[in-house]
Amino acid sequence: MKEYLFVFRGGGVPEGPNRQELIARDTENWKNWMGTLAQSGKFVGGNPLAAGGKTLRGKAVKITDAPFAEAKEVLNGYIIVNSHDYNEAVEMAKGCPIFEFDGSVEVRELAKMDM
Amino acid sequence: MPDTAHTKADVLQLIASLTRAESGKLIAVLTRIFGVHNLSMAEDAVQDVLIKAMQQWEAKGIPDDPVAWLFSAARNRAIDIIRKYRRQQTFATDISSLLGSEYTAAATLNDCFKDEEIKDDQLRMMFACSHPSIPREGQIALILKTLCGFSIPQIARAFICSVDTIEKRLYRARQVFRQNNFSLDIPSGHALEERLDNVLETIYLLFNEAHSTSFQNSLVREDLAADSISLCKLLAEHNTTNLPRTYALLALLYLHSARLPGRTDVDGNLLLMNKQDRNLWNKEMISCGKAYLNQASVGSTISRYHLEAAIAYEHCKAASYEDTDWETILSFYDILMQLVPSPVILLNRSVAVKELQGAAMALECIKQIPGIDYLNEYYLLHAILGELYAEMKLIPNARTHYQKALSLTVSTAEQNLIQHKLNML
């Protein structure tokens with residue numbers, strides 16, 4: 001069993017008259033999706049990220065406000081799951097509610113360094 | 001907030017009654033969330049919530065719905081605790097990872113606080129507290145403390161032992177919780193029957209304790225009897241645990257409780273069944289007991305509770321002591337003694353033998369009870385022997401046994417009863 005990182009970008013609930021309702025449903029969908037992962041022992045952990053941030057860069061360590069990209073490219077959360085391989089991990093990620101609002105999931109295997 | 005005319009005394013009284021009525025539910029929910037190994041964390045959290053309630057209500061007045069206030073405060077306290085300890089603690093195995101993530105923590109907690117879940121949590125706690133790896137006395141102390149909301153001094157007074165003793169029992173019981181991370185569940189399949197028998201036996205003992213006359217504090221006693229009935233009801237209302245034997249125990253509890261009002265005279269003296277005013281028996285409880293006994297009468301297995309309830313019902317049914325159907329009662333005892341060959345059951349059976357076949361025959365029965373020596377320090381054995389010898393006009397023997405009985409009970413009511421009999425010899 002290996003560990004995989006799911007990186008979430010975009011997928012926020014858009015402004016609109018029934019936004020509150022959509023947020024409530026979205027929250028429920030995320031809970032159900034992760035609940036299913038947890039039930040099969042796949043869910044390791046993870047958290048949403050607050051808006052904003054700082055980026056430090058260069059030898060002179062220049063600091064800028066971080067999320068430079070447009071909204072749908074902004075990193076806004078991550079989770080780690082247990083999985084046998086990429087195929088299984090991708091199948092898990094397909095169930096993520098983020099796609100409903102045009103977000104994306106990047107799936108990456110956690111590396112083990114040679115010791 | 002509503003009017004602030006509540007005095008400190010109002011708040012204290014309300015908190016005391018809410019502690020008894022609600023803290024068991026709160027501890028059950030929080031233990032389900034934090035995990036069995038974190039029982040103390042759950043108990044401390046509930047304590048914190050009650051203290052916070054006391055402070056806030058004294059300052060700002062009692063809220064419109066105090067129970068809802070407690071549950072929402074408990075939920076918020078749970079969130080604080082989870083956020084504080086999620087990196088170094090695991091909570092209940094099945095939801096620990098969900099509580100660890102901000103994505104799912106709040107929603108998972110809200111699910112745990114749904115009414116139906118809370119009822120199930122109380123059942124789960126009952127099974128956990130009656131876990132076979134906890135010593136008997138510890139099981140009862142733990143149920144009284146965690147599910148029934150009694151304080152340690154109250155439990156100590158109830159069992160006429162020191163606070164220290166109860167604390168030790170609780171400590172050992174909690175240690176089992178800490179060390180064995182068994183899941184908090186309602187067993188199913190073939191595990192259910194054995195585990196359910198344990199739970200039923202605990203409730204049965206709880207009820208017996210409440211009604212043993214060594215129990216001095218009558219207020220606690222009534223509460224405790226009511227609690228054992230409501231715990232048993234929870235089991236009867238759940239579709240996994242509503243086996244016939246559960247209904248049979250519930251019937252037994254009702255049929256015993258129904259007769260309590262007749263058990264003492266106006267001065268608080270104990271009355272034997274032949275002296276009791278049967279009009280004082282609670283007819284509503286008798287008919288409830290009968291209905292539960294009918295519900296218990298399905299399937300092919302018969303439990304001790306079936307038979308004991310049936311015996312109790314025979315007593316309830318008889319219009320007077322003389323009308324008691326002793327033959328039917330004896331026939332129930334005959335099956336019961338096959339099922340539970342305990343000296344106490346056989347001793348009780350001898351009373352039915354006396355009514356049907358006379359004192360000499362009953363005495364013979366008692367002498368033949370295997371393991372009767374174990375009962376040598378049992379008050380009731382000597383009370384019954386005294387009675388039998390008195391009836392056989394063997395006065396010196398009767399006196400010896402009555403005196404022995406007198407020395408074995410700490411209850412003044414029982415002492416008065418025996419003293420009265422001694423005087424009548």
Side-chain angles (χ1 to χ4, degrees), chain A residues 1 3-13 20-53 75-83 89 92-93 95-101 103-106 110, chain B residues 29-38 41 71-72 74-76 78-118 120-121 124 181-189 240:
Chain A
M1 193 72 81
E3 288 186 328
Y4 289 79
L5 175 72
F6 290 5
V7 180
F8 305 123
R9 290 191 174 87
V13 178
Q20 287 312 313
E21 206 178 297
L22 287 177
I23 288 180
R25 212 181 63 200
D26 192 47
T27 310
E28 186 70 15
N29 289 341
W30 279 84
K31 185 203 76 187
N32 291 340
W33 175 55
M34 291 189 190
T36 318
L37 297 181
Q39 250 171 23
S40 49
K42 302 290 186 191
F43 184 67
V44 178
N47 277 303
L49 303 177
L75 179 67
N76 57 30
Y78 70 96
I79 63 168
I80 293 171
V81 299
N82 290 314
S83 174
M92 282 187 233
C96 180
I98 204 166
F99 303 115
E100 195 168 329
F101 298 110
S104 72
V105 180
E106 183 178 332
L110 268 61
Chain B
V29 185
L30 293 184
T31 307
R32 185 268 171 277
I33 293 167
F34 297 154
V36 170
H37 57 294
N38 284 319
M41 187 189 258
F71 275 85
S72 103
R75 181 190 165 278
N76 295 339
I79 291 195
D80 290 345
I81 289 171
I82 286 163
R83 287 195 172 135
K84 190 168 169 195
Y85 294 108
R86 59 167 52 139
R87 307 257 180 249
Q88 61 262 46
Q89 273 275 0
T90 52
F91 303 109
T93 319
D94 58 329
I95 53 173
S96 195
S97 61
L98 295 174
L99 294 172
S101 167
E102 282 297 311
Y103 277 118
T104 43
T108 306
L109 268 184
N110 291 348
D111 284 352
C112 292
F113 274 89
K114 286 178 179 157
D115 282 350
E116 271 315 297
E117 278 302 306
I118 295 173
D120 282 8
D121 289 338
R124 293 184 183 115
N181 192 2
F182 47 82
S183 62
L184 205 53
D185 59 357
I186 300 170
S188 57
T240 327

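The sequence lines fix the lettering, A, B, ..., with proteins before strands; numbering per chain opens at 1. Since we're looking at a predicted model, the values are computed, not measured.
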Approximate separation, where rounding is to 0.5 Å, of A:E28 CD and B:D111 CG: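 Output value for this atom pair is 6.5 Å.
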
Closest approach of [X] to [Y] (non-hydrogen atoms, all atoms of both residues):
X	Y	result
A:K31	B:T108	CD-N, 4.1 Å
B:E102	A:N47	N-OD1, 2.7 Å
B:S101	A:G46	OG-O, 2.7 Å

Side chain to side chain contact (heavy atoms under 4.5 Å, CB included), paired with B:Y103, selected from A:Y78, A:F43, A:W33, A:W30: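 Going through the options one by one, the only one that passes is A:W30.
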
Neighbour count >12 (heavy atoms, 6.0 Å) for atom OH, B:Y85: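 At most 12 heavy atoms, drawn from other residues, nucleotides or ligands, come within 6.0 Å of this atom.
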
Salt bridge (charged side-chain N to carboxylate O under 4.0 Å, His left out) pairs, two or more places apart, involving residues 34-46 of chain A: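 As it turns out, the salt bridge (charged side-chain N to carboxylate O under 4.0 Å, His left out) pairs with a partner in residues 34-46 of chain A, which skip direct neighbours, are A:K42-A:E88.
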
Contact leader toward chain A among B:S96, B:G100, B:A107, where contacts are heavy-atom pairs under 4.5 Å: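 Ranked by contacts with chain A, first place is B:A107.
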
All side-chain contact (heavy atoms from CB on, under 4.5 Å) counterparts of B:D94, not counting sequence neighbours: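 Once residues adjacent in sequence are excluded, the partners of B:D94 under the side-chain contact (heavy atoms from CB on, under 4.5 Å) criterion are B:R32, B:A92.
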
Contacting moiety of A:I79, where chain B heavy atoms sit under 4.5 Å: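 The side chain, not the backbone.
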
